[in-house]
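Numbered from 1 within each chain, the chains take letters A, B, ... in sequence-line order.
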Amino acid sequence: MLVLAGAGTGKTRTLTYRVAWLVENGVHPSNILLLTFTNKASKEMMRRAASLIGADVTSLWGGTFHHIGNLILKSHARLLGYKDGFSILDRTDTKDLFETCRTAVASAHKDSQLLPKASVLTDLHSYARNTSKPAETAISERFAALLPNAQLISDVTTLYEKKKRELNLVDFDDILHNLVVLLRDHEDIREYYSRRFRHVLVDEYQDTNMLQAEVVALLCSYHRNITAVGDDAQSIFSFRGANFENILNFQKQYPDARIFKLTTNYRSTPQILHTANAAIAANRRQFHKELRAVRAEGELPALVPLEDVREQALFVASKIKDAVDDGGALDDIAVLYRSHYQSMEIQMELTRLGIPYDVRSGMKFFEQAHIKDILAYLRILSNPYDEISWKRLLKMLPGIGNATAEKIWNYLTQSPQTPPLERLIGAAAAAPKKAREHLAAFAACIEGLRKISAPSEAIDKALRGSYEKYLFLTFPDADNRLRDLTQLSEYAVKYTSTDTFLSEMAIQGAEQPMAAAAAAESGEHVVLSSIHQAKGLEWKTVFIIGLNDGQFPSIKSGKNWDEEEERRLFYVALTRACDELYLCYTYTSYAGLMRPSRFIRDIPGGLFEEIEII
DNA sequence: TCTTATGCCCTTTTT
DNA sequence: GGGCATAAGA
């Protein structure tokens with residue numbers, strides 16, 4: 001069945017009730033599969049469902065597509081041609097590997113300045129794979145100006161695919177892609193899993209891409225019991241290949257599906273809902289649905305013009321302080337924005353006022369340099385052909401940069417008989433004099449690490465054996481980073497296998513650091529979040545900042561961007577608020593005078609109240 | 001001349 | 001944090 005539901009109508013709740021209903025009617029929890037998009041949403045839904053059926057969370061099968069995919073693939077790695085299993089590349093690793101391939105292709109071509117940057121190549125390749133479109137189509141849809149370089153770009157991606165295979169690495173897209181291949185081409189395996197999952201439940205169906213829709217179809221091919229919920233007006237992940245046509249085509253794919261529409265909003269005051277309805281009305285490509293409010297009347301949303309980002313931060317922080325002084329709870333407040341960097345000033349101001357906050361955007365815990373550095377030690381031990389981690393480690397040594405790291409890597413992999421770890425001792429030959437001593441010390445440390453199998457111990461040893469010194473020489477805030485690493489080591493204690501530890505770190509990398517997560521659960525705090533990450537959540541009071549043309553909607557020249565998707569994003573932001581909503585924009589920025597966002601200008605006056613700040 | 005180190009700019013969204 | 005230009009080093 002398909003549940004088409006607007007914002008705040010209880011989509012996720014519907015899924016958890018469905019789980020409870022199924023269990024009540026005799027379906028065993030382990031035969032139900034819950035698929036979600038984010039780790040956070042998955043945790044929350046599993047927790048709720050488990051408490052409804054009075055069972056332990058572990059009795060349910062659920063998680064993100066990538067998490068479930070990885071679990072299934074791990075048992076069939078050989079079938080897919082990965083000899084000793086595989087390591088997972090996270091976002092930053094993927095980009096690094098692309099950078100390596102880009103340099104290789106660039107040095108072989110004279111006109112290589114035509115090659116786009118690694119981040120663009122990564123984006124492009126991922127888009128092509130997630131939409132199952134040929135590279136040329138992907139280029140013309142996303143970066144039309146690059147079409148003349150299609151050949152060069154394809155050289156890089158070919159090399160990238162080849163390297164991944166050789167090095168036993170998979171990226172996020174491979175997890176989905178390999179899962180489709182596994183289930184499509186191996187009838188026995190498909191039958192096993194699709195028989196096992198008698199009911200498949202999917203949250204946020206509007207954000208599935210081609211691969212994910214196919215995974216769902218394959219997983220429920222035996223029983224054909226699928227429950228999907230979604231809202232086309234909240235489709236905000238097209239850059240990742242999400243295609244809300246999937247939800248429109250649901251009926252075609254599952255002709256016997258029943259469709260339910262939920263249009264009663266239980267979350268927001270009528271005032272907030274009217275504003276949201278008006279904001280999305282300008283979109284042409286949508287199922288028209290006007291949400292009805294059932295809550296009592298509230299305040300009009302406030303429109304707040306401010307001089308600059310500094311004043312904006314002062315306003316938001318002081319409003320939050322007032323709310324707390326009046327006995328309000330910090331947990332009920334969120335500040336939402338289009339891009340990470342917009343949160344900086346707010347963070348500084350909140351820190352100044354001593355208001356605890358939790359930032360849910362930007363650099364993730366596991367993407368920070370020191371975490372990746374220390375994990376690189378573990379990674380070369382678990383996969384000695386992990387070129388990226390080798391180079392990362394080597395470049396930390398004084399006197400070794402890109403060029404020397406490349407030379408040493410070549411030396412390490414020169415001999416097919418001797419594995420890289422064995423050859424490290426003799427690698428000094430490939431290094432300049434200045435670096436030899438450091439390289440020898442590093443080799444000794446790695447040699448010591450090889451005897452250890454527990455990830456926690458390995459982290460401690462790498463830290464003491466060599467990384468700690470580097471940490472204090474490199475980072476002004478080494479103390480904080482060292483604390484992170486100690487925590488990482490403590491966290492790793494519950495893993496006995498480095499392999500499992502690493503793959504879980506890569507997939508759940510988007511999750512909070514353990515320390516912050518613990519703090520977040522214990523203490524009250526304001527949430528600062530990108531709108532993308534705020535999806536599915538709600539707060540009593542919401543501030544949306546940086547509502548200026550150019551920032552929101554964000555305009556990136558040269559790319560084929562979609563104003564309707566930006567407007568859906570605005571809609572998602574507005575509908576996060578239950579009681580109070582503040583829309584902030586500034587007159588100026590470092591770039592000069594700014595205009596208020598066209599999204600605000602599109603909303604008829606009278607739906608909000610303009611506040612004067614003196 | 002090839003490499004490494006460093007200072008200064010800017011910053012879309014994510015599994 | 002990342003990319004890029006430029007200074008310093010070998």
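- Regarding contacts with the backbone of B:dT13, a side-chain N or O of A:H340 is found under 4.0 angstrom from either OP1 or OP2.
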TODO: Run the numbers on A:F472 and A:E468 for side-chain contact (heavy atoms from CB on, under 4.5 Å), then give the verdict.
DONE: CA-CA 6 Å; A:F472 280 90; A:E468 195 172 0; 4.0 Å; yes

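- Atom CZ of A:R91 is separated from atom C1' of B:dT11 by 13 Å (rounded to the nearest Å).
- As rounded to whole Å, 15 Å separates atom C1' of B:dT12 from atom CZ of A:R568.
- In this structure, the CD atom of A:Q347 is 14 Å from the C1' atom of C:dG1, given to the nearest Å.
- Here B:dT15 is the nucleotide among B:dT13, B:dT3, B:dT15 with the atom lying nearest to any side-chain atom of A:T64.
- Ranking B:dT15, B:dT3, B:dT13 by closeness to the A:R338 side chain, first place goes to B:dT13.
- Put simply, the side chain of A:L574 reaches to within 4.5 Å of the side chain of A:I544, judged on heavy atoms.
- With rounding to whole Å, A:L473 atom CG is found 14 Å from B:dA5 atom C1'.
- Comparing B:dT3, B:dT14, B:dT12 by their nearest atom to the side chain of A:S554 picks out B:dT12.
- Distances shown here put every side-chain N or O of A:T404 at or beyond 4.0 Å from the OP1 or OP2 atom of B:dT3.
- Classified by interplanar angle (parallel below 30°, tilted 30° to 60°, perpendicular above 60°), the ring pair A:F442/A:W390 is perpendicular.
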Show the distances under 3.5 angstrom between N or O atoms of the protein and N or O atoms of nucleotides 5-10 of chain C.
none

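- As rounded to whole Å, 19 Å separates atom P of B:dT12 from atom OH of A:Y127.
- The side chain of A:Y341 lies closest to B:dT11, out of B:dT11, B:dT4, B:dT13.
- The nearest whole Å value for the distance from the CD1 atom in A:I400 to the C1' atom in B:dC2 is 16 Å.
- Put simply, A:F37 does not rest on the base of B:dT15: the two rings are not both less than 5.5 Å apart at their centres and under 30° in tilt.
- At the heavy-atom level, A:D173 lies nowhere under 4.0 Å from the strands shown.
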Ignoring hydrogens and angles, write down the donor-acceptor pairs under 3.5 Å from the side chains of residues 209-217 of chain A, residues two or more places apart or on other chains.
{"residue": "A:N209", "atom": "OD1", "partner": "A:L211", "partner atom": "N", "Å": "3.0"}
{"residue": "A:N209", "atom": "OD1", "partner": "A:Q212", "partner atom": "N", "Å": "2.9"}
{"residue": "A:N209", "atom": "ND2", "partner": "A:N130", "partner atom": "OD1", "Å": "3.0"}
{"residue": "A:N209", "atom": "ND2", "partner": "A:Q212", "partner atom": "OE1", "Å": "3.4"}
{"residue": "A:Q212", "atom": "OE1", "partner": "A:N209", "partner atom": "N", "Å": "3.0"}

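- The side chain of A:A403 approaches B:dT4 more closely than any other nucleotide in the set B:dT4, B:dT14, B:dT15.
- In this structure, the separation between NZ on A:K11 and CD on A:E204 is 6.0 Å, given to the nearest 0.5 Å.
- The environment of A:R595 atom CZ is sparse: at most 12 non-hydrogen atoms of other residues, nucleotides or ligands sit within 6.0 angstrom.
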Between protein and nucleotides 6-9 of chain B, what N or O pairs are separated by less than 3.5 Å?
none

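- With sequence neighbours excluded, the residues that form a salt bridge (Lys or Arg N to Asp or Glu O under 4.0 Å) with A:D373 are A:R392.
- Every residue meeting the salt bridge (Lys or Arg N to Asp or Glu O under 4.0 Å) condition with A:K133, not counting sequence neighbours, appears here in chain and number order: A:E141.
- If you check B:dT15, C:dC4, B:dT3 against the side chain of A:Q533, the one that comes closest is B:dT15.
- Looking at heavy-atom distances under 4.0 Å, A:F65 makes no contact with the nucleic acid at all.
- When only modelled atom types and interatomic distance are considered, A:K163 and A:T100 share no side-chain donor-acceptor pair under 3.5 Å.
- Taking atom CE on A:M344 and atom P on B:dC10, their separation rounds to 16 Å, with Å as the unit.
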Would you list the atom pairs, donor with acceptor, under 3.5 Å between side chains in residues 69-76 of chain A and any protein atom, with sequence neighbours excluded?
{"residue": "A:S75", "atom": "OG", "partner": "A:I72", "partner atom": "O", "Å": "3.4"}
{"residue": "A:H76", "atom": "NE2", "partner": "A:Y193", "partner atom": "OH", "Å": "3.2"}

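- Between the CG atom of A:D96 and the P atom of C:dG2 there is a distance of 8 Å, rounded to whole Å.
- For A:K95, taking side-chain heavy atoms from C-beta onward, the closest of the listed nucleotides C:dG3, B:dT12, B:dT13 is C:dG3.
- Between the side chains of A:Y82 and A:N178, at least one donor N or O sits under 3.5 Å from an acceptor N or O.
- Of the residues near DNA chain B, A:F239 and A:A405, the one whose nearest nucleotide (by heavy atom distance) lies more toward the 5' end is A:A405.
- With distances taken from any side-chain atom of A:A369 to the nucleotides C:dG1, B:dT3, B:dT15, the minimum falls on C:dG1.
- Where A:H370 and A:K117 meet DNA chain C, the nucleotide closest to each residue was compared, and A:H370 sits on the side nearer the 5' end.
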